[in-house]
Amino acid sequence: MKKILVLIVATFICRGLFAQGIEFEHGTFKEALAKAKKENKLIFMDCYTSWCGPCKYLAKDIFPQKEVGDYFNQNFVNVKMDMEKGEGIALNKQYGITSYPTLLFIDASGKTVHKLVGGMPAEDLIKGAKAALNPEMRIGTLRAKFENGNRDLEFLMTYLNAVKALYDKETMSIVAKEIINKTSIEKYMNKEQFYVISAAKFPYGSKEFNYLLMNKDKVKEITESYEYATLFGSAYYTHLEQYAKACKNLKELNDEIDKCHKEFPNDNLEHTKKSLKYTYYIANNQLQTWYNLKIKEAKASNGNIFTYHSICDEILRTEKLAAQKEIVNDFIKIAQTFAADRENGIIMGNMMLAKLYLHKKDKEKAANAFDIFITENGKVGGNNTHPSVTRLKEAIDKL
């Protein structure tokens, strides 16, 4: 009898533990819509993938928390959808999901009323859910108010936090600049509110950037090291990229890089010079020089196939390089050599060939290379449902 009582108590404890977090439905999305309509609730849909790190963080560390479960189970019909499997594939297209995790709040008619993007702590997740339940706090309502000219400071701060939850960096920059213009940059030089300054992304040479540079010791004190490095580093690199496209020669470029390095020293000086040198070559139509140096660099890396794959992508996404038939055809030969290596190169070699033949609009060869990639990648447990793979397949099918 004593053992039975222990088992009964243990069972109730386990049930309590498993019931603490969000309880997700196990039916179809259509059934979830019907339940949302019947219960007059919104659907909360976790749009995730099997390979997404922040998705796993939410599933393991956030969704199981009691406070999260209590709030979401009371207020929403909760569903999880893998955007690369089953019903999730069609829902992915329907809702235009481009990053993971995306957390949608959907009404019973299937319309998205609010959205969050990325992994986040429980406090922020619940805050976002509360906004979804308040029509005045939903992202669509806030965006409309901003576009209609609302520049009240309290509203701007609310809107900034809303677009921050969407990871909408472009809008964050616009709104943060509005906030600082209405007040002062000094107001946000503290640990709690520095995110306003970070979001603004003031460009190199602006009065605000110069203020931050003069006070960089204070900035370093109130920010994390990553935020500090990104704040200054991204502004400098953007400036130098523009300079590389406009300067007359490499000496001018290196002098400007050295000047910026004195203002804000970092450990990536030589890497920066190398990267911007390539930008200079493309801007000045020295395309064969660019290509020859890239191949030389790849050979120096002991023929690392991922270095070559990176070069392949650079060629195809850079209009000037992609238009050079000699460069493309030469790289096809390199990719063919890798593809013929069944032990080390067959997978990525065929991935590169599929992309290159797609660029040349040779559907048969592109499809053949892609099929070999899929087969060989599957054999070693590779991810054949990653967006980069599925997008390539769709592009080849459309030829």
Going through the distances and angles, do E136 and T141 end up as a side chain to side chain donor-acceptor pair (under 3.5 Å)? CA-CA 6 Å; E136 289 300 309; T141 303; 5.7 Å; no
Flag if over 12 foreign heavy atoms under 6.0 Å of [atom1], [X]:
X	atom1	answer
K299	NZ	no
N285	CG	yes
K277	NZ	yes

Could you report the tightest heavy-atom contact between [X] and [Y], atom names first, then the distance?
X	Y	result
L156	V175	O-CG1, 3.5 Å
I305	N344	CD1-O, 4.3 Å
A335	M352	CB-CB, 4.0 Å
Q336	L353	CG-CD2, 3.7 Å
K177	S173	NZ-OG, 2.8 Å
I174	F146	CG2-CZ, 4.1 Å

Whether [X] and [Y] hold their rings parallel, tilted or perpendicular, with breakpoints at 30° and 60°:
X	Y	result
Y159	F155	parallel
F209	Y236	perpendicular
F44	F63	perpendicular
Y95	F29	perpendicular
W290	Y278	perpendicular
Y291	F331	perpendicular

Between [Y] and [X], is there a side-chain heavy-atom distance shorter than 4.5 Å?
X	Y	answer
K273	L269	yes
K245	Y280	no
L116	F105	yes
P203	T238	no
K41	Q74	no
M348	Y308	no
N75	Y71	yes
Q324	K320	no

Atom pair [atom1] ([X]) and [atom2] ([Y]), whose distance is rounded to the nearest 0.5 Å:
X	Y	atom1	atom2	result
M81	D46	CE	CG	10.5 Å
N368	K363	CG	NZ	13.5 Å
L321	Q288	CG	CD	10.0 Å
I311	L293	CD1	CG	10.5 Å
K355	I315	NZ	CD1	11.5 Å
E319	I282	CD	CD1	12.0 Å

Please check this pair: side chain of [X] against backbone of [Y], looking for a donor-acceptor N/O pair closer than 3.5 Å.
X	Y	value
E252	K248	yes
N268	H271	no
D82	E84	yes
N350	F370	no
N73	E23	yes
T183	I179	yes
T390	P387	yes
R138	A132	yes

Please determine whether residues [X] and [Y] belong to a single hydrophobic cluster, defined as Ile, Leu, Val, Met, Phe, Trp and Tyr linked transitively by side-chain heavy-atom distances below 4.5 Å.
X	Y	value
L160	L231	yes
V117	V68	no
L58	M83	no

Do the ring centers of Y48 and Y100 come within less than 6.0 Å of each other? no
For Y243 together with Y237, are the ring centres under 6.0 Å from each other? no
Should K262 and D258 be marked as a salt bridge (Lys or Arg N to Asp or Glu O under 4.0 Å) after you check the CA-CA gap, both sets of side-chain angles, and the distance that decides it? CA-CA 6 Å; K262 287 180 181 177; D258 288 336; over 6 Å; no
Trace of the side-chain contact (heavy atoms from CB on, under 4.5 Å) decision for V196 with M157: CA-CA 9 Å; V196 178; M157 290 297 292; 4.0 Å; yes
Using a strict cut-off of less than 4.0 Å between a Lys/Arg side-chain nitrogen and an Asp/Glu carboxylate oxygen, indicate whether [X] and [Y] qualify as a salt bridge.
X	Y	value
R317	D313	no
K80	E25	no
E256	K259	yes
K56	D61	no
D255	K251	yes

Going through the distances and angles, do Q65 and Q20 end up as a side-chain contact (heavy atoms from CB on, under 4.5 Å)? CA-CA 6 Å; Q65 291 186 27; Q20 281 183 349; over 6 Å; no
Tabulate below the donor-acceptor pairs under 3.5 Å that side-chain atoms of residues 210-219 make, not counting sequence neighbours, or state none.
residue, atom, partner, partner atom, Å
N210, ND2, S206, O, 3.4
N215, ND2, Y211, O, 2.8
K216, NZ, E263, O, 2.8

Check the pair Y228 / F264 against ring pair (Phe, Tyr, Trp, His ring centres under 6.0 Å), numbers first and verdict last. CA-CA 11 Å; Y228 174 77; F264 187 73; 5.6 Å; yes
Exercise: do K379 and T375 side chains pair donor with acceptor under 3.5 Å: no
I180 and I197: CA distance, side-chain angles, deciding distance, side-chain contact (heavy atoms from CB on, under 4.5 Å) verdict: CA-CA 8 Å; I180 291 171; I197 295 174; 4.1 Å; yes
According to disulfide (SG to SG under 2.5 Å), who are the partners of C55, at least two apart in sequence or on a separate chain? C52
Just do the side chain to side chain donor-acceptor pair (under 3.5 Å) check on S301 and N304 with the steps written out, would you? CA-CA 6 Å; S301 72; N304 186 307; 5.6 Å; no
